[in-house]
Amino acid sequence: MSANPPSFYYPHALDFDALLREFPTGREYVEQVHRMPVERLRDLQETRFLAQMKRAWEVPFYARHWGAAGMEPGDVRGLDDLDRIPPYDVNDLRESIERAPPWGDYLGIDPSTSPPMPLAFHTSGGTTGLPRPMLYTPRDREVMAITSARRQYLAGVRPFDIAQVTFSLGLANAGMLSREGLWKYTGAVPVVTGSGATLPTRRQIEVMRAWKVNVLLAFPAYLRHLADVARSEFGFDVRELGLKALVTHLGADAREPLESMWNAPAFDSYGTNECGTIASDCDLRGGMHVFEDAFAVQVCDAQTLKPTPEGERGTMFVTSLFKHAAPIIRFNSNDVSSWMRGTCACGGTHRRLERIFGRSDNMVKLRGVNVFPDAIGSVVAEQAWSNGEYVCLVETAQAHRDEMTVMVEDASGAAVRAGLQAALESRFKEVLGVKVLARIVDVGATDSLTGLSTTSKIRRLIDRRTPA
Ligand SMILES: [Zn+2]
């Protein structure tokens, strides 16, 4: 668990053999770590957690944040004390950047005084203002590439598979990190096409067919878009590709419609820009196993900050067990999930998250009911007449009453839409427990609002409410 040796030549910056012993992947991962007896796994987590706490105390952000709460080094003696640590969220990171621009004081690396080392740079997705910067040391980066590779391995990716990566390339992490994981730690060949903004969707389909891609990494919305474009522009049914795996992040999207659209199994996963992949489906696709040798995840009640019982929804607090730059201790991800009950038939001992239901900060309260745009997406995905594209608009109607209107694209060419609209509104009411309005629009009509054809960070909620 030592820091990186001070060399700025990448091959000298790490002992790769030691790294792979510490964080194995592939078959070694499944045999040695994925099925590790629970008590041994807990011991391993405890050791790594205490080392991570020690490191975090060296970082000004934590010294300040914890100090303000009256915490002292040594107060936390193990994972049982995790609940006593005050969480933080993106607002604290924004404040950290304002306090110490341009990097903030959460990295624990100061380019003017720290020994040189090869650093990777990415940012969080930011919808307002500049996104948050994040630096990765060689070891941080490689552990993240390894967890990315594990996710691929559990989805059945093997040497010489041809895996097309359609995530955005640039400031965000997902595209490049997927490539690093595939390329360095699976033996598969990544074909990195980026999002529709990097390579037009038409061309992406040509690439897929010409080079016999058999694994596809894409978000659900883009999987649907690819299949639509293949059909409308080439008269081609993507089921003919015979893909072995769709590696995706389902969120609240339903799995089955995507699987039948592509005739391929879809593997869910969860991750963040700062941490990389935190949890992923195993081959049984019955909940996402957290990589618990690299993360300690809690699902907590947003008010009490205490862990919720298995099966109950709560907000995820994430703690990293390996990071040197910007260690993460009880980060409030704002993502809502729940723990699966019981153990997985695959033999994996790492606990499973059910799915990601949505973001608690993207949640809209309509007449006292919490509504996740993601849950609306799964209702839209049920509709055979739609291509699954939608966007939610929230506006202040009269008397400070908020109304949500969901624009949904109709791919059926129906002459009369009144019936579709009424049926959809009644389904929304049934699933969400509150009335939202539906507006049926032509294919492509939501694109300028969601950014579907230009970005992989798709917007599903446009909040136009005027503050009361
Ligand atoms: Zn499993």
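Please read these numbers as outputs of a predicted model, since none were measured by experiment. We count ligands from 1, going down the list as the structure has it; atoms in each ligand are counted the same way.
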Let me check something: any side-chain donor-acceptor pairs from residues 218-229 under 3.5 Å, sequence neighbours excluded? List them with distances.
from, atom 1, to, atom 2, distance (Å)
Y222, OH, T201, OG1, 2.9
R224, NH1, D253, OD1, 2.9
R224, NH2, D253, OD1, 3.4

Practice task
Only protein N/O/S atoms count here: give how many lie under 2.8 Å from the Zn ion (ligand 1).
Solution key: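 Those protein atoms number 4 in total.
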Practice task
List in chain and number order the residues that pass salt bridge (Lys or Arg N to Asp or Glu O under 4.0 Å) with D92, two or more places apart in sequence or in another chain; answer none if no residue qualifies.
Solution key: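 If we apply the salt bridge (Lys or Arg N to Asp or Glu O under 4.0 Å) test to D92, skipping adjacent residues, there are no hits.
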Exercise for the section: With sequence neighbours excluded, tell me which residues meet salt bridge (Lys or Arg N to Asp or Glu O under 4.0 Å) with R239. Expected result: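 Partners of R239 under the salt bridge (Lys or Arg N to Asp or Glu O under 4.0 Å) test: D237.
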Handout entry: Any K184 side-chain heavy atom under 4.5 Å of E142 side chain
Key =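 Side chain of K184 against side chain of E142, heavy atoms only: contact under 4.5 Å found.
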Exercise for the section: Grab the two heavy atoms, one from R48 and one from D293, that are nearest each other, plus how far apart they are. Expected result: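 Here R48 and D293 meet closest at NH1-O, 3.0 Å.
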Exercise for the section: Tell me whether the guanidinium CZ or amine NZ of R141 lies under 6.0 angstrom from the six-membered ring centre of Y136 and within 45° of its axis. Expected result: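 Verdict for Y136: a cation-pi partner in R141.
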